[in-house]
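Read the structure below first, then the notes.
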There are 2 protein chains.
Amino acid sequence: MSPGPGPTRKLVRPRGRRVGDPDAAARQGSVREHNLTLVLRHIIEAAVPPSRADVAAATGLTRATVSVLVERLFRAELIRELEPTTPQRVGRPAIPLAPASGTIAAIGLEVNVDYLGACALDLSGERLAERVIAGHFRNSDPREVLARVAALAAEVVTQLQDQGIRLVGACLALPGLVDSRRGPLRNAPNLGWRDLDVGAILRAHAVFDTLPLRVANEANLAARAEASFDRQIKTFVYVSGETGIGAGIVLNGEVYRGRHGWSGEIGHTVVDPRGPLCSCGATGCLERYAGKDALMLEAGLSPDQPIGVLVEAAERGDERALRSITDAGQALGVALANLVNLVDVDQIVLGGIYAPLEPYLFDAVVAQLRARVLSAPWATVTVRAAKVGAGPAMVGGAQAVLRRLIADPASWVAGGD
Amino acid sequence: MSPGPGPTRKLVRPRGRRVGDPDAAARQGSVREHNLTLVLRHIIEAAVPPSRADVAAATGLTRATVSVLVERLFRAELIRELEPTTPQRVGRPAIPLAPASGTIAAIGLEVNVDYLGACALDLSGERLAERVIAGHFRNSDPREVLARVAALAAEVVTQLQDQGIRLVGACLALPGLVDSRRGPLRNAPNLGWRDLDVGAILRAHAVFDTLPLRVANEANLAARAEASFDRQIKTFVYVSGETGIGAGIVLNGEVYRGRHGWSGEIGHTVVDPRGPLCSCGATGCLERYAGKDALMLEAGLSPDQPIGVLVEAAERGDERALRSITDAGQALGVALANLVNLVDVDQIVLGGIYAPLEPYLFDAVVAQLRARVLSAPWATVTVRAAKVGAGPAMVGGAQAVLRRLIADPASWVAGGD
DNA sequence: AGACTTTGTATTCTCGCTGAACTTATGCCC
DNA sequence: GGGCATAAGTTCAGCGAGAATACAAAGTCT
């Protein structure tokens, strides 16, 4: 029978997407996909560039198989060979393998209460481009703001395309409830945005005609960026303190998003049911005690000033400032104790405005954790400041896009062949 | 070279355990293991017994492959063929496949504040045996109580072995912090047990010489039992209300245990930081508002009476009883709102003493959820009473053991060949 | 210079799934 | 009742991917 597209043409069997999918059938191709990912991940995450033999030893594959897989990854420009190090060891010198740099990149975008930003990352983790605009976007006009974001993205995209770098996608970080399945932004109280299909608005701009765009929660993305900093720590909670307070829960190296993608809304966790009214309609939310506005106002400062002003006041020994920070720390400690009792993590990373407040804030947090976490006597919960610098959510967004590529290099290898 | 066990014998390469493990190399054998599990799971979880052809259609495997895999499962006594239904359809009649019954079983054990129990389940989910002893085990002597549990287990084991049923393992449910990695019980405040290697004590009894034993948290196991009741609902939180209050968080069909296995300790979540002192040392824990003791005492009843007494009082319209239940419901609602804000689940199942209190309790819970969950306007959180009957944790324990077998039938197939 | 050591590649083998043909068992229709 | 259509289950050649083994390559050590 000729393979023409006749009416009786057979339906294509839905191929098992990944070996990891427990509900799909596995076939030989799944094995290859799995191992391709395994090898790529190992090369990208290794502390020092490994040779083919190192990869084989670490993964349990044979050197022969690794050679074949490496060849594929190499041809797809996902990895590169480095110069052999001057060998101080007997035997044939190894060829170190590393993630390719400057071949493939992803774009991270962000809208926050006091800045907009765009950045680009390649597989080696290098920041190829960055644009940040400071401003005040509380109760801003979404279409106008998003147009500016699109302009930033366009700048970055043209810059990279001029260098011949291929772009795999973009991800926008927002401080609010983003529906991870159906796309629309539900509620970003501090931007004043509500029930808005941000993805659709942004995709109307020409830049995104060929560039796939995702939208995700700011804290979740920042958590991902922090996770990539220290890969040893696989399970932790990242708390993003800004005007609002969000948390990204990382379980075993994977950001936990929940049923709809709305996990980690610690800012609207109850600290005291009889406490003050919050913008969300409930009473006694953490945000009313430890959000930036509350911190600044309690210290007698304007909430629109940068956090550095509060830090300076604390450094001067200003009573009101110190009291404000300690109160916030207690509330934060209560909320985090609840989180730890529920989710059982043993590492907490405080980012955003909390990082510079570390010397004045953390003791109160730790004290509450010690008192209120049921398992505290058996496993101490460590609290530390975030290591990622500026724009963690932007970086995390780009990483999220790259991560998809890394998790499924087979499609890219086939496409670029 | 002769394959003798000389000193230069090659090390056995660590074989990739499962295809699901993202850090292990996949090989052809992994494909078979994966598909074997896939087929077995499909047969066990199907609403009506499927034929080989049905399984093939559902999984995406070919009928040829399914035939081979079914043959293996059949020989290992994991599944059985049913009589063909009187066919009302054209074509060769299908042979329905179902989980084997009465061939392989697992034991569930439980120690709780007011009863001990043991039960046995086979792959078809049938309860082959059950023993329950009522009593009061608050501040009991662990060794004495565990000896009684071992005796219960021994009774069940001999009964089953007389019937020629093979036992794959046992799992003990405890209301407290169980270290899922290193084994010891850390803290079961309501039993008064603390820092006790329950597993080791129990394993000293002869029954467990050949029977692998695990120890796990009561609420987590009860959640698993509830999950098996309605497989459609894959993500929910089960709340086990007894003297203490525990929660089992089920994400995508899998119980989330956390870093150490201590997740879901909702009973020691803070409802009001200035509230009354709790046995755990902190203040204002949920348990002080919605635990059985608090409920009974507030209603003017003795905490050692069964919950039915409170239900009857409420039915009579007793003011104190109704007030007590409503107060508990509010506190529970606050704690659950926090949980939902953090973990983003949209189903809550209330079990234990809360199930019979449904008509008087749930409204208060739902009201708090509606007011305090940030995402409430976009996705309602449903609250319902548990469906599993008596001893959910026991049943869940047995299921947990069987689940391991189902997740890795390859080992059993090879062993029973 | 030659033995030794380690890396990376080539070749053959095995294993498990696919696809297509084949067998079996039933209902339907004349 | 006998063919025909239909669906379930089985058999078998083929293929793709990793394992095992042997071998080539590129160095160090003596």
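Note on naming: letters A, B, ... go to the chains in the order of the sequence lines (proteins, then strands), and numbering restarts at 1 for each one.
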Between dT6(C) atom P and Ile95(A) atom CD1, what is the distance in whole Å?
17 Å
Specify the closest pair of heavy atoms between Leu61(A) and Ala26(B), including all atoms of both residues, with the distance to one decimal.
CD2-O, 4.4 Å
Which whole-number value in Å describes the distance from Leu97(B) CG to dG9(D) C1'?
11 Å
Interatomic distance where NE2 belongs to His34(B) and P belongs to dC17(C) [whole Å]:
10 Å
Just how far, in rounded Å, is P of dT7(C) from CD of Glu81(A)?
15 Å
Could you go over nucleotides 2-5 of chain C and give all protein N or O partners under 3.5 Å, atom names and distances?
residue: dT5(C); atom: O2; partner: Gly91(A); partner atom: N; Å: 3.4

Let's see if you can work this out: which of dG9(D), dG18(D), dC17(C) has an atom nearest to the side-chain heavy atoms of Arg52(B)?
dG9(D)
Hey, which of these two, Ser51(B) or Arg72(A), hits DNA chain D nearer its 5' end, going by closest nucleotide?
Ser51(B)
Rounded to whole Å, how long is the line connecting atom CZ of Arg32(B) with atom C1' of dA17(D)?
16 Å
Specify the separation, in whole Å, of atom CD of Glu33(B) and atom P of dC17(C).
11 Å
Can you tell me which nucleotide in dG18(D), dG27(D), dT11(D) comes closest to the side chain of Ala64(B)?
dT11(D)
Proximity to the side chain of Ser67(B) - top-ranked nucleotide from dG19(C), dT7(C), dG9(D)
dG9(D)
Does any pair with a residue in residues 51-62 of chain B pass salt bridge (charged side-chain N to carboxylate O under 4.0 Å, His left out), and if so which ones, sequence neighbours excluded?
Arg52(B)-Glu81(B)
Gap between atoms CD and C1', on Glu71(B) and dT10(D) respectively (whole Å)
11 Å
Considering only heavy atoms and no angle criterion, is a donor-acceptor pair shorter than 3.5 Å present between the side chain of Arg63(B) and the base of dA8(D)?
yes
Between CD of Gln28(B) and P of dC17(C) the distance, given in whole Å, is 10 Å
Given DNA chain C, 5'-ward residue of the pair Pro96(A) and Leu69(B), judged by closest heavy atom
Pro96(A)
